[in-house]
Amino acid sequence: MVTWMSWRGVLRRTGHVFRRTTPAIVITVLVAVAAGLFAGSYSFNLAHPTPHRVPVGTLERDHVNERFITAWDDRLNTELAVRVYPDEASALRAVDAQEVFALVRNKTGSDRDVALQLVPAAGASVARVLQQQAPAAAQAVGVSLHTTELRPLQAGDPQGLAIFYITLAAVVLGFIGAAQLSAHAGQLRLHERVLAIACYSALGALAICAVVDWMLHVLDLPAVESWAILAFTMFTCGLVFTAFHVLVGRWAILPTWLLLVMVGNPASGGAVSPALLPEPTRSLGRWLPPGASVSAQHTAVYFNDHQYVTPFVTLAVWCTAAATTAWVWRRRRYPAPSTKGTQARHTG
C-alpha cells in the first residue's frame, strides 16, 4: 500500500525535475517557434520579389518611349513611376542620387529604336527584373531595343550580394560579441562593457574589410568609410543586445535576434532591393540598423559622391536609445564600483 509519505517523495522529486528542466523545455519550444518564424520571414520577403512603383527616367516622352514604357509596365505587373528630365545632365544626376533604376530614351530620333540604360548598382535585383521583361515589351510594340548599363556592379560581385553579406556579418557578430561578454565577462561594469564593444567593433570591421577587399578582392571598398560604417553597425548592434540584456537578462538574445535578424536583415534591401519588397517590410527596413547599414555601405561603394545622412542618423538614434536604456537600468544587471577599498582607506 502506497503511503502518503511515499507520494510526497514522488511529488517532491517530480517538482525538482520539472524545475531543473523548465529552462530546457522553454528553450526547445522557443527554438522551434523561432525556426518557423525565421523561415517564414525570409520566404515572405525574399522568395517572390515583385516590383512596386519602380522609378525610371526618360529624356523625352515621345510616342515611341510611351508605347514601350506602357508595354513594359504591363508585363511587369506593376506601375512604373516615370520621371521626365530636361537634359542628360539632370538624368545622370538622378542616377547618381539613386532616384531611378533605368533611363529610357529614343536612340536615333526614329520611331523604331529605343535605348534602355539600366542601373544595376542602384539595385541588382530590380535591374534583373526590368531586363527580363524589356525585350518582350519592345517586341510587342515593334521597336528595336538597345540595352546598356550605367553604374554596373563590380566584377567580383556580379549578383550584388556582397554588401548584404558583409553587413550581415557586422550585425550578427556585433550582438554575438556582446552576448559573449555577458556570458564570460559578467563582472564588467557598463562603461567597461561599452568600451569592449567599441574595441571589438573597430577590429572586427577592419577584419571584414581586409578579407573582402584586400585578400579576396570581392569588393573594391572605400577603406575608411566602409570600415567606419561596419564598425558603427557592430557597435550599435552590440549596444542593442546590451540594452535588452539589462531589461530581460539571459533571454536578451531572443528580442535581439527578432529585431536584427528575423525582421531587420530581410527588410534591409541587401538581398533584394527595397523596391521589390512587400509592405510593411519595404517602409520599415530603412529605419532598422541592418537597413541603414546596407544603405550607407551601398552608397559608399557605388555612389560615393552622393552619400546620404539618413542612414547614419538612424544608426545614431538606435545607438543612443540603446545606450540610454542600458545606463538608466544598469543597476539591475551590472555591478556598481566597489566601495570596500575606499572604506578601508578612510578607516586607516
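Everything numeric here is computed off the predicted structure, so don't read it as measured data.
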*Is Leu203 reachable from Val172 through a run of hydrophobic residues whose side-chain heavy atoms are each under 4.5 Å from the next?*
no
*asked:* Nearest 0.5 angstrom please: Leu168 CG to Phe164 CZ, how far?
replied: 5.0 Å
*State which residues pass salt bridge (charged side-chain N to carboxylate O under 4.0 Å, His left out) with Arg282; sequence neighbours excluded, sorted by chain then number.*
Glu279
*Please confirm whether the backbone N or O of Leu190 pairs with a side-chain atom of Arg193, one donor and one acceptor, at under 3.5 Å?*
no
*Begin with the C-alpha distance, continue with both residues' side-chain angles, and end with the deciding distance and a verdict on side chain to side chain contact (heavy atoms under 4.5 Å, CB included) for Tyr85 and Thr58.*
CA-CA 6 Å; Tyr85 298 97; Thr58 183; over 6 Å; no
*Return the orientation label for the Phe303 and His298 ring planes: parallel under 30°, perpendicular over 60°, tilted otherwise.*
tilted
*asked:* Starting from Trp251, can I reach Val261 by hopping between I/L/V/M/F/W/Y residues whose side chains sit under 4.5 Å apart?
replied: yes
_Could you tell me if the side chain of Val104 sits less than 4.5 Å from the side chain of Trp72, heavy atoms only?_
yes
*Would you find a donor on one side and an acceptor on the other, under 3.5 Å apart, between the side chain of Ser125 and the backbone of Ser273?*
yes
*Are Val82 and Ile69 close enough that some pair of their side-chain heavy atoms sits under 4.5 Å apart?*
yes
*Do Tyr302 and Gln98 have side chains that get closer than 4.5 Å, going by heavy atoms?*
no
*Grab the two heavy atoms, one from Val100 and one from Gly57, that are nearest each other, plus how far apart they are.*
CG1-N, 3.8 Å
*Using a 4.5 Å cut-off on heavy atoms from C-beta on, say whether the side chain of Phe175 contacts that of Phe244.*
no
*So Phe241 and His245, would you call those rings parallel, tilted or perpendicular, with 30° and 60° as cut-offs?*
parallel
*Determine whether Thr148 and Leu118 make a side-chain contact, defined as any pair of heavy atoms from C-beta on separated by less than 4.5 Å.*
no
*asked:* Using side-chain heavy atoms (C-beta onward) and a distance below 4.5 Å, is Phe235 in contact with Val194?
replied: yes
*If you take all heavy atoms of Gly264 and Pro290, which pair is closest and at what distance?*
O-CB, 3.6 Å
*For the student: nearest non-hydrogen atoms of Ala81 and Arg53, plus distance*: CB-NH2, 3.7 Å
*So which heavy atom on Thr167 is nearest to which on Ser293, and how close?*
CG2-OG, 3.5 Å
*Are Arg105 and Glu88 ion-paired here, with the side-chain N under 4.0 Å from a carboxylate O?*
yes
_If you apply the rule side chain to side chain contact (heavy atoms under 4.5 Å, CB included), what do you find for Leu276 with Val129, and how did you get there?_
CA-CA 9 Å; Leu276 302 182; Val129 170; 4.1 Å; yes
*Closest heavy-atom contact between Val119 and Ala102?*
CG2-N, 4.1 Å
*Please indicate whether Gln139 has more than 12 foreign heavy atoms, meaning atoms of other residues, nucleotides or ligands, lying under 6.0 Å from its CD.*
no
_Let me check something: do Leu153 and Val95 share a hydrophobic cluster, defined by ILVMFWY side-chain heavy atoms less than 4.5 Å apart, either directly or through other members?_
yes
*Give, for atom CD1 of Ile208 and atom CG of Leu219, the distance between the pair rounded to the nearest 0.5 Å.*
12.0 Å
*Within the side chain of Arg67, is there an N or O that forms a donor-acceptor pair under 3.5 Å with the backbone of Val141?*
yes
*Val211, Met234: one ILVMFWY side-chain cluster at the under-4.5 Å cut-off?*
no
_Ala231 versus Ala202, closest heavy-atom pair with distance_ = CB-CA, 4.2 Å
*With a 4.5 Å heavy-atom cut-off, do Phe68 and Leu145 have their side chains touching?*
yes
_Atom pair CD1/OG1 of Ile229 and Thr299 - distance to nearest 0.5 Å_ = 8.0 Å
*Before giving the answer on side chain to side chain contact (heavy atoms under 4.5 Å, CB included), spell out for Phe232 and Cys319 the whole-Å C-alpha distance, their side-chain angles and the decisive distance to 0.1 Å.*
CA-CA 9 Å; Phe232 198 3; Cys319 196; 4.3 Å; yes
_Note, Ser268 side chain near Arg286 side chain (heavy atom, < 4.5 Å)_ = no
*Just checking, any donor-acceptor pair under 3.5 angstrom between side chains of Ser90 and Arg93?*
yes
*In Å and rounded to the nearest 0.5 Å, what is the OG1 to CG distance from Thr233 to Leu260?*
10.5 Å
*Within the distance-only criterion (no hydrogens, no angle test), does the side chain of Asp157 pair as donor or acceptor with the backbone N or O of Val218 below 3.5 angstrom?*
no
*asked:* Quick check for you: to the nearest 0.5 Å, what is the distance between Leu116 atom CG and Gln131 atom CD?
replied: 8.0 Å
*Do the side chains of Val309 and Leu288 join up, straight or via other hydrophobic residues, at under 4.5 Å, putting them in one cluster?*
no
*asked:* Nearest 0.5 Å, please: how far is CG in Leu80 from CG in Leu130?
replied: 7.0 Å
*Sidechain-backbone polar pair: Arg83 side chain, Glu99 backbone, donor-acceptor under 3.5 Å*: yes
*asked:* Filter on side chain to side chain donor-acceptor pair (under 3.5 Å), then keep only pairs touching residues 217-232, sequence neighbours left out; what's left?
replied: Glu225-Asn304, Glu225-Gln307, Ser226-Gln297
*Please test Glu149 against Gln117 for side chain to side chain contact (heavy atoms under 4.5 Å, CB included), starting from the C-alpha separation and ending with a verdict.*
CA-CA 5 Å; Glu149 290 185 352; Gln117 295 178 294; over 6 Å; no
